[in-house]
Amino acid sequence: MPTGYKAPKRPRDANQLAKSIVALATGEAEDKKPLASARKGGLKGSQARMKALRPEQRSEIARTAAAARWKKSS
């Protein structure tokens, strides 16, 4: 789930919760998902960040990310 996405609150009452689950399953209600425009903004943001950073800074960020990815778990 993308960051910044807030799931709709579920009803506290068991009957209302059951009704909302049935409505989602039958297609009577739609599950709210992040907008496509939000994804486009996120894609543009990465390009803008890349242009703003110096090559040395980008290299350091990539090196840190690779170390975190390949770090051995104890």
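Across all non-hydrogen atoms, the minimal contact from L17 to S20 is O-OG, 2.7 Å.
Listed by chain and residue number, S59, E60 satisfy the side chain to side chain donor-acceptor pair (under 3.5 Å) test with R63 (two or more places apart in sequence, or in another chain). Here E56 pairs with R54 under the salt bridge (Lys or Arg N to Asp or Glu O under 4.0 Å) rule; sequence neighbours left out.
Of the inter-residue distances, the one linking S46 atom OG with K51 atom NZ reads 10.5 Å to the nearest 0.5 angstrom. Taking NZ of K19 as the reference point, atom CG of D13 lies at 12.0 Å (rounded to 0.5 Å).
Put simply, the side chain of M50 reaches to within 4.5 Å of the side chain of Q47, judged on heavy atoms.
Surrounding CZ of R49 are at most 12 heavy atoms belonging to other residues, nucleotides or ligands under 6.0 Å away.
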